[in-house]
Amino acid sequence: IHQQIAEFLKSLSTVAVGTQIYQIEAWWLPLTDPTAMSLKNILNGNFEEAIVPEQLTALCLDEGGYHGTLRCRERTTTHIASGKKVPVIIGSTPVVGTGSVGQSPGVQMLHLGLVLEARVTSVPDFLKPASDEKSPESVDLNFRTKVTGNDAHIQERSTIEKIDRYELGEHTAEGCCRIPIGDPTLVASLTQMSKQQGNSSEVPSELQLVVRVTRIAE
């Protein structure tokens, strides 16, 4: 009976979550003219399929981008994160004591760095296009990526109080897209935070997010 219950619970898990496991590789690339040309050459199939991930990773290193890998079970959201958490003074509260008045700082732990949440779902048969043997197998990717840094003068200052040491900026991209398995695909564009705080007129460049989903044996 216990064995039957275990098999029943396993079947429920399979129906609700799925058994397939996927690997998700993500590359965040600062978009400059040379980078845009190199990225176009890589994504257009000008390199052998086996070395495309290596080319993207090398481009990330050369241009100061980011590269991360995660694994997730089908229909299960997982995430990766870089950076660190730091205590930041986000405001102050007046404090009245015996014969004195002061300010008590309000401190919040904030994550400075990059976060990616992702969920992969198989495409149901009724949503697949008409039978075409040349059409690659695809999956649906739900994602949300966020970059938080201490160097963003883009932030709306009128909505915040004085912040200790930091002017924080946060840039987010999220959505759902259908991508072919095994092919690196450009899925989103974020605003890259400027590194030059003194030049307020500088227009921040874009940060391109490229994702590759591969299937892992069950």
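We number each residue from 1, following the sequence as shown.
Scored by the side chain to side chain contact (heavy atoms under 4.5 Å, CB included) test, Ile1 finds Ile5 as partners (sequence neighbours excluded). Every side chain to side chain donor-acceptor pair (under 3.5 Å) that Asn41 has, sequence neighbours left out, goes to Asn46. Listed by chain and residue number, nothing satisfies the salt bridge (Lys or Arg N to Asp or Glu O under 4.0 Å) test with Arg71 (two or more places apart in sequence, or in another chain). The salt bridge (Lys or Arg N to Asp or Glu O under 4.0 Å) search around Arg212 returns Glu25, not counting sequence neighbours. Judged as a side chain to side chain donor-acceptor pair (under 3.5 Å), and not counting sequence neighbours, the contacts of Thr35 are Thr32, Glu63. With sequence neighbours excluded, the residues satisfying side chain to side chain contact (heavy atoms under 4.5 Å, CB included) with Leu186 are Leu43, Gln208, Val210. Taking the side chain to side chain donor-acceptor pair (under 3.5 Å) definition, one finds that Ser38 meets it with nothing, sequence neighbours left out. Under the side chain to side chain donor-acceptor pair (under 3.5 Å) criterion, Thr69 pairs with no residue at all, not counting sequence neighbours. Applying the side chain to side chain contact (heavy atoms under 4.5 Å, CB included) rule to Ile80 yields the partners Trp28, Leu70, Leu116; only residues at least two apart in sequence or on another chain are considered.
Applying the salt bridge (charged side-chain N to carboxylate O under 4.0 Å, His left out) rule to pairs touching residues 36-48 yields nothing, sequence neighbours excluded. Annotation: salt bridge (charged side-chain N to carboxylate O under 4.0 Å, His left out) contacts involving residues 94-122, sequence neighbours excluded, comprise Glu117-Arg144. Residue pairs meeting the salt bridge (charged side-chain N to carboxylate O under 4.0 Å, His left out) criterion with at least one partner in residues 95-107, sequence neighbours excluded, do not occur; the list is empty.
Between the Ser82 side chain and the Gly113 main chain, no donor and acceptor come within less than 3.5 Å of each other.
Hydrophobic clustering, with ILVMFWY side chains joined whenever heavy atoms are under 4.5 angstrom apart, groups Ile42 together with Ile51.
Within 6.0 Å of NE2 in His67 there are more than 12 heavy atoms belonging to other residues, nucleotides or ligands.
When every heavy atom of Pro30 is checked against every heavy atom of Gly65, the shortest pair comes out as CD-CA, 3.7 Å.
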